[in-house]
Every structure is written in C-alpha cells, then in structure tokens.
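Below is one structure, written out as structure tokens; comments come after it.
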Amino acid sequence: MIDGYTKTLGLIGDPVEHTLSPLIHNTLSQKFGHNLIYVPFHVQKELIENAIKGAYSLNILGLNITYPYKTQVMNYLVDIDDIAKQIGSVNTLVRFKNGYKGYNTDMPGLYRALLSENIKVEGSDIIILGAGGAARSATFMCAFYKANKVYLLNRTLEKAEKIANEVNNFFRRNCIFPLKISDHSKLPNKKFFVIQATSVGLFPDVDNVVIDDETFYEKIHTALDLIYKPKETKFLRLVKQHGGKTLNGLKMLLYQGIIAYELWNEVSVSDEIANSVLDELNKS
Ligand code: NAP
C-alpha cells in the first residue's frame, strides 16, 4: 500500500527499461515490511545534474545509478566513499544532510556473490577478461581481497595496462598483470578462476564468445560470467564442457542491490532472504 509515509527509491540510467533492480528492491521491501517503493527513472545526459538535485528536493531516500552515468554522477555529490573514488564509479547514492553520498556496491557485491558460492579470492590465481567498467571493479575487488596473481586480458592492451598500473599503485603490490587477449596462450599452465567481464555473448549476441580456442578452457577450474542475459552464455557452456564450475552474473547483480538496500535502510539481509530474491530473479 502506498500512503503518505511511503519512501521513494529509484534507478537513474539511459536506458532503464530492461532493469531488474525494481524486482530486487520491491521484493526486499516486502520481505522486511518496509513502506518503500523503488522505481526506474529514464534520464537524459544533459539533465543528470537536474535529476540528482531534483531527487534530493523530492526527499528521495536513495538512488542506484546505472549505464552510462556511473562516472558523470560523481560531479553532483556531497561526498564519495574512498574505494568508489578510486574505482571512479558510483552506482549507489545515499541521502545525507546536504545531498547524496556516492558508493560503489558493484565491487563488494561481486565479492559477496563469490563468497555465497564458496569461490575463494584470497591467495587465488585469477584471470579477468575485459578492461571496461565492470572489469575495473573486478580488478579492484581481486586486489582488495588479496588475490595472488591476476592476469587482466583485453582486446585493447592499453586499457588493461592502465587499470593494472592504477590498481598496483593504489594497493602498493604488483599483483595485476596485463596481457593482450590474443596472447592468452602465454598464460602459465595451471588452473585458474576466470571472471568474464567483456560484453561478448550478451543478448542478442548469444552465439559469440571472447576466446574460442578450446585449450584456454582446459586452464579453468571455475568461471563467473558477469552477463546474466542469457543465463548461460556460450562462454559458460565451453567452461562446463571442459569440466569447470560455472556461475552467471545474476548473483553479482543481486548482491550489489542488497548492499545498496542495506545502506539505505540500515538493515542486514540474511542468506535466506537473499536466496528468496534470487528465486524471483531466476523466474524473471
Ligand atoms: P564496457 O565498459 O563497455 O567494456 C566492454 C569490454 O568488452 C571491454 O573490455 C571491451 O574490449 C570488451 N569487448 C567488447 N567487444 C569485444 C569483442 N568483440 N572482442 C573482445 N572484447 C570485446 O562494459 P562493462 O560495463 O564493463 O560491462 C561488461 C559486461 O559486464 C556487460 O555484458 C555487462 O552486462 C556486464 N555487467 C554485469 C553486471 C552484473 O551485475 N552482473 C554489472 C556490470 C556489468 P575493448 O576495451 O578492447 O573495447
């Protein structure tokens, strides 16, 4: 029931029509019995500053920010969490006294998704495919949670080199090693956990895969594809065919939302509630 006490939360992006975030947050508010509503806001680039100021004036409790505004929005906040500042990407705004504070919940959301599947980051050797925004959060996550060696493979080597330099400097540890994706055969001969963070294979491009050389898949014990549409990408099918464990991007999406919900409402979401929201996402 929406009444005079209902608080509003929302998502700002362009486009927003495909989003699963309302399903996550409205299911969470039902589970907690909170009087909240979460709605999508389709905002055009030139209106983003107005949108943030207007949202604050309208007493909107918090916002998620999605493509293409995760960096641009940082100009219109009263404060930014340290790690979000370093990553250069904000996906969650929390209401404070004179405006919103920005957080990045993609990075801890990814880590919680891995924890929930017993996939270890600490001390592990990891390959990340891609050097876009999602790969950048994944690289920070690996360094923050003390992975052993992380090979960052991208089609455009310079982008992987830039992220590797920034992350190695920030954590004062030489743990990120950039490589051109076509040079993947130069990787050490051992088994890795792989994070697929390119957009190759995303619906409707479902018949494509970023590496099709089968020998690469022999080096994978576990793989996460950040894509969740389709639920099983060609990449994950190849990993499975070579005996690896697989996970799609739905749990990362779920946990970035859960961490935002926890920040807005000062609650802690149990595994039981998280799993019931995941059931809803899997049905969608
Ligand atoms: P992005 O910034 O546009 O980066 C795209 C990446 O894909 C770049 O590394 C790009 O390489 C690579 N790429 C694109 N086409 C390629 C091709 N034909 N061959 C080789 N590499 C190619 O995108 P993003 O925001 O990082 O998102 C990446 C993926 O993660 C998307 O599918 C997105 O849906 C998913 N994602 C999921 C979640 C989640 O919650 N599960 C969150 C965020 C993103 P170049 O640098 O060489 O162009």
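For ligands, and for the atoms within them, numbers begin at 1 and follow the listed sequence. What's counted below: heavy atoms across the whole structure, side chains too, no hydrogens, waters or symmetry copies.
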Quick one: does any side-chain atom of [X] pair with a main-chain N or O of [Y] as donor and acceptor, under 3.5 Å?
X    : Y    : answer
R95  : I60  : yes
Q196 : T198 : yes
T19  : S21  : yes
T156 : K159 : no

Which bit of [X] is near ligand 1, meaning a heavy atom under 4.0 Å away: side chain, backbone, both or neither?
X    : value
L253 : both
D106 : neither
A197 : backbone
Y228 : side chain
T156 : both

Please state which protein non-hydrogen atom is closest to [atom] and give its distance, to 0.1 Å?
atom                    : result
atom 29 (C) of ligand 1 : T198 O, 3.5 Å
atom 23 (O) of ligand 1 : G133 N, 4.6 Å
atom 14 (C) of ligand 1 : S199 OG, 3.4 Å
atom 11 (O) of ligand 1 : N154 OD1, 3.3 Å
atom 24 (P) of ligand 1 : A134 N, 3.8 Å
atom 38 (C) of ligand 1 : L226 O, 4.0 Å
atom 17 (C) of ligand 1 : R155 NH1, 3.2 Å
atom 1 (P) of ligand 1  : G132 CA, 4.0 Å

Just which atoms of ligand 1 are under 4.0 Å from any heavy atom in [X]?
X    : answer
K159 : 45 (P), 46 (O), 48 (O)
G130 : 9 (O)
I227 : 32 (O)
A131 : 9 (O)

(Q) Could you check, using the six-membered ring where one of them is a Trp, whether Y261 and H34 have ring centers closer than 6.0 angstrom? (A) yes
Q: Start with the C-alpha gap between Y217 and F235, add the side-chain angles, then the distance that decides, and say whether ring-ring contact (aromatic ring centres under 6.0 Å, His included) holds.
A: CA-CA 9 Å; Y217 294 87; F235 175 78; 5.8 Å; yes
Q | Sub-4.5 Å side-chain heavy-atom contact between D183 and K186 | A | yes
Q.
When you compare the side chain of N64 with that of I12, does any pair of heavy atoms fall below 4.5 Å?
A. no
Q. Which value, rounded to the nearest 0.5 Å, describes the distance between K101 atom NZ and L93 atom CG?
A. 12.0 Å
(Q) Looking at K162, I'd like to know if its NZ atom is crowded, meaning that more than 12 non-hydrogen atoms belonging to other residues, nucleotides or ligands lie closer than 6.0 Å. (A) no
Q | Nitrogen or oxygen of L250 less than 3.5 angstrom from that of ligand 1 | A | no
Q. Is M252 in polar range of ligand 1, meaning some N or O pair under 3.5 Å apart?
A. no
(Q) Between T6 and N35, is there a side-chain donor-acceptor contact under 3.5 Å, judged purely by atom types and distance? (A) yes
Q) Nearest protein heavy atom to atom 3 (O) of ligand 1: under 4.0 Å? A) no
Q. Counting only heavy atoms on the protein side, is anything nearer than 4.0 Å to atom 33 (C) of ligand 1?
A. no
Q) Would Y151 and F192 satisfy ring-ring contact (aromatic ring centres under 6.0 Å, His included), going step by step from the backbone distance to the final call? A) CA-CA 10 Å; Y151 296 91; F192 292 91; 5.8 Å; yes
Q: Identify which one of I127, L187, L152 satisfies the side-chain contact (heavy atoms from CB on, under 4.5 Å) criterion when paired with L179.
A: L187
